[in-house]
Protein chains: 2
Amino acid sequence: MTNKPPTQRSIGRPGLTRARVLACAVELADRDGLEALTMRRLGEELGVEAMSIYGHVANKDDLLNRMVDAVFAEIDLPPTSAPWRDALRHRSVSFREVLRRHPWAVALKGSGTNPGPATLRHHDRVLGTLLTGGFSLELTAHAISALDSYIYGFALQEKTLPFTTEHETAAMAETMLAQLATTEYPYLVKFTATHVLRPGYSYGNEFLFGLDIVLDGLERAREELHSTDK
Amino acid sequence: MTNKPPTQRSIGRPGLTRARVLACAVELADRDGLEALTMRRLGEELGVEAMSIYGHVANKDDLLNRMVDAVFAEIDLPPTSAPWRDALRHRSVSFREVLRRHPWAVALKGSGTNPGPATLRHHDRVLGTLLTGGFSLELTAHAISALDSYIYGFALQEKTLPFTTEHETAAMAETMLAQLATTEYPYLVKFTATHVLRPGYSYGNEFLFGLDIVLDGLERAREELHSTDK
DNA sequence: ACCTGAACACCGTTCAAGT
DNA sequence: ACCTGAACACCGTTCAAGT
């Protein structure tokens with residue numbers, strides 16, 4: 001019994017740490033969606049009264065902020081060894097995979113949160129990749145806006161789709177076709193019937209096409225920047 | 001007093017129509033945010049008991065779905081007279097402006113909603129623009145995914161920013177800089193200090209840069225499609 | 001026949017009462 | 001000193017009781 005001051009860990013029931021609260025909250029949101037994540041339900045999942053959670057988190061908003069930062073911590077940072085394009089392509093693919101694992105994070109991004117350390121670190125590394133890769137300050141701003149907009153938007157659209165497997169897609173398309181007024185939406189009908197119902201269709205495959213368009217555009221802008229320098 | 005059957009309009013208090021409910025709900029969400037849009041508060045705003053709203057809307061989910069469709073109705077359709085690039089550029093700029101007017105619509109898009117007539121019409125016209133503009137079915141799917149991902153993502157990022165005016169941006173950047181550990185996030189500090197704090201900086205200006213990158217990429221893919229045809 | 005307000009099963013969070 | 005459960009001010013929605 002030394003005169004050790006009370007630590008964060010000593011607050012709350014033994015075994016209940018902030019890390020465990022966060023991990024459980026993320027798992028609950030993954031499994032049952034953001035609307036299932038209530039303080040009471042989370043407490044239940046942790047084997048604890050809802051109010052005990054407030055020992056490790058200021059309030060629900062604080063919990064959500066920390067969850068977003070935990071998600072950012074999962075994203076691969078752009079490897080410093082690779083050239084800017086490969087480095088950012090790698091982290092972009094990782095970013096998208098993480099957002100697919102945690103779709104609720106996209107919605108949470110929409111509410112004004114103040115960034116945690118993992119989020120700041122992520123952005124710092126992406127900035128570094130561009131600034132040391134031959135991008136001007138202005139072009140770096142353009143690049144991050146274009147790239148992250150595309151990734152977030154793709155994740156948002158992917159999350160909205162009510163189907164995942166090819167079979168589900170086909171079933172959904174069939175019912176949609178049956179309801180649609182053929183004369184009123186001719187292109188929608190044609191597109192659904194001949195493209196979406198095609199065997200092998202999966203929306204997820206679209207990601208790389210758009211990503212490479214954005215990266216190509218950035219590379220072109222970067223080259224232009226250096227050719228005018230000469 | 002003819003034997004006219006009871007219409008939709010005759011349900012609920014006179015003067016309370018579904019259109020008025022929708023318009024009021026949109027205005028409330030614009031003004032005070034989605035979290036302020038409760039059935040009780042909306043009823044208050046309409047001068048009506050909360051339960052009267054259920055005469056014009058099945059439930060809150062139905063209300064939100066109809067609000068999203070009302071937002072889509074505001075977006076300019078791609079003009080059929082213009083070439084595909086100009087047509088889609090016009091509707092994309094309009095799309096982004098509408099999403100800035102109604103930021104809550106981005107979050108709502110994230111929850112799986114079934115599309116209303118204005119939404120279907122919008123997508124039908126965009127499909128038509130591409131399919132009649134020399135895009136194959138597959139490339140049309142690529143194009144819509146890339147374009148709409150970018151627009152939604154940009155709207156999501158713009159909505160997150162806690163500032164609008166240049167002055168607010170500068171103030172925010174100053175406080176952020178003061179809190180940031182200079183050694184831990186060197187690029188973030190450099191970027192904020194020298195670019196974000198530069199007079200005239202406004203995130204909204206980034207939209208057209210990314211949009212034109214995507215459109216350029218699509219045009220290139222379309223040209224490639226036709227050159228291999230020959 | 002139509003409307004409505006009390007009531008139900010939930011929220012996040014406060015705070016006083018327990019140990 | 002620490003925890004917790006009753007309580008408060010909210011939700012969306014049901015439904016019986018009013019006119």
Side-chain angles (χ1 to χ4, degrees), chain A residues 1-18 20-22 24-26 28-29 31-68 104 107-108 111-113, chain B residues 1-18 20-22 24-26 28-29 31-68 104 107-108 111-113:
Chain A
M1 294 293 163
T2 63
N3 60 346
K4 190 168 59 169
T7 63
Q8 276 283 19
R9 296 176 57 99
S10 72
I11 302 174
R13 113 187 307 217
L16 188 65
T17 61
R18 181 185 284 167
R20 206 158 83 79
V21 169
L22 279 181
C24 192
V26 166
L28 181 55
R31 191 172 3 107
D32 297 337
L34 208 52
E35 74 283 354
L37 179 67
T38 68
M39 299 303 272
R40 284 168 170 91
R41 174 79 190 280
L42 179 57
E44 200 179 308
E45 213 87 6
L46 286 161
V48 137
E49 291 300 311
M51 285 313 300
S52 306
I53 300 168
Y54 287 82
H56 303 86
V57 135
N59 49 36
K60 192 174 183 183
D61 239 44
D62 184 36
L63 171 67
L64 296 177
N65 269 321
R66 291 178 192 276
M67 286 170 70
V68 170
W104 45 268
L108 248 42
S111 44
T113 63
Chain B
M1 294 291 166
T2 63
N3 59 347
K4 192 168 56 170
T7 64
Q8 277 280 21
R9 298 174 57 100
S10 72
I11 301 174
R13 112 183 310 217
L16 188 64
T17 61
R18 179 185 287 165
R20 205 158 84 77
V21 169
L22 279 180
C24 193
V26 166
L28 181 55
R31 191 173 1 108
D32 297 337
L34 209 52
E35 74 283 353
L37 179 68
T38 67
M39 298 303 271
R40 284 168 168 92
R41 174 80 190 279
L42 179 57
E44 199 179 307
E45 212 88 5
L46 286 160
V48 138
E49 291 300 311
M51 285 313 299
S52 307
I53 300 168
Y54 287 82
H56 302 87
V57 137
N59 49 37
K60 192 174 183 183
D61 239 44
D62 184 36
L63 172 68
L64 296 177
N65 269 321
R66 290 178 193 277
M67 286 170 70
V68 170
W104 44 268
L108 248 41
S111 43
T113 63

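To find a chain, count down the sequence lines: A is the first, B the second, and so on, and within it residues start at 1.
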Over all heavy atoms of both residues, which pair between A:Lys60 and A:Thr38 is shortest? Give the atoms and the distance, please.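 Looks like NZ-CA, 4.2 Å.
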What is the separation between atom CD on A:Glu49 and atom C1' on D:dC2, rounded to the nearest whole Å? 15 Å
Could you let me know what C:dA1 is paired to, Watson-Crick or G-U wobble, both distances under 3.5 Å, or none if it's on its own? D:dT19
Taken to the nearest whole Å, NZ/A:Lys60 to C1'/D:dC10 is 14 Å
Where is the tightest heavy-atom contact between A:Val26 and A:Trp104, given as atom of each residue plus distance?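 Reported closest heavy-atom pair: CG1-CZ2, 3.8 Å.
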Give the C-alpha distance, both sets of side-chain angles, the deciding distance and a yes or no for side chain to side chain contact (heavy atoms under 4.5 Å, CB included) between B:Leu42 and B:Val48. CA-CA 8 Å; B:Leu42 179 57; B:Val48 138; over 6 Å; no
Atom CG of B:Leu42 and atom C1' of D:dG12: how far apart are they, to the nearest Å?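 That distance rounds to 13 Å.
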Is A:Thr38 near enough to C:dC10 that one of its side-chain N or O atoms lies under 4.0 angstrom from OP1 or OP2? no
Under 3.5 Å on both distances, the Watson-Crick or G-U partner of D:dA7: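 In the structure as shown, D:dA7 has C:dT13 as its Watson-Crick or wobble partner.
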Nearest heavy-atom neighbours spanning A:Cys24 and A:Leu46: CB-CD2, 3.7 Å
Can you tell me the distance, in whole Å, between the CD atom of A:Glu35 and the P atom of C:dC11? 11 Å
Proximity to the side chain of B:Arg40 - top-ranked nucleotide from D:dA7, D:dT13, C:dT4: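 Shortest atom-to-atom distance from the side chain points to D:dT13.
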Atom pair distance, as rounded to whole Å: CE in A:Met39 and P in D:dC11: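 So the CE-P distance, A:Met39 to D:dC11, works out to 19 Å.
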Starting from the 5' end of DNA chain C, give me the residue, A:Arg41 or A:Ala58, whose nearest nucleotide shows up first.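 Whichever sits nearer the 5' end wins; that is A:Arg41.
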If I take atom NE2 in residue B:His56 and atom C1' in nucleotide C:dC2, what distance separates them, rounded to the nearest angstrom?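 In whole Å, C:dC2 C1' and B:His56 NE2 are 13 Å from each other.
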Nearest to the side chain of A:Ser52 - C:dT13, D:dT4, C:dA7? D:dT4
Nearest-Å distance, CD1 (A:Ile53) to C1' (D:dT4)?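 From A:Ile53 CD1 to D:dT4 C1': 13 Å.
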Reckon B:Met51 touches a base, only the sugar-phosphate, or nothing at all at heavy-atom distances under 4.0 Å? base
For A:Arg40 and A:Ala50, indicate whether the former's side chain and the latter's backbone hold a donor-acceptor pair under 3.5 Å. no
For atom OH of A:Tyr54 and atom P of C:dT14, their distance in whole Å: 7 Å
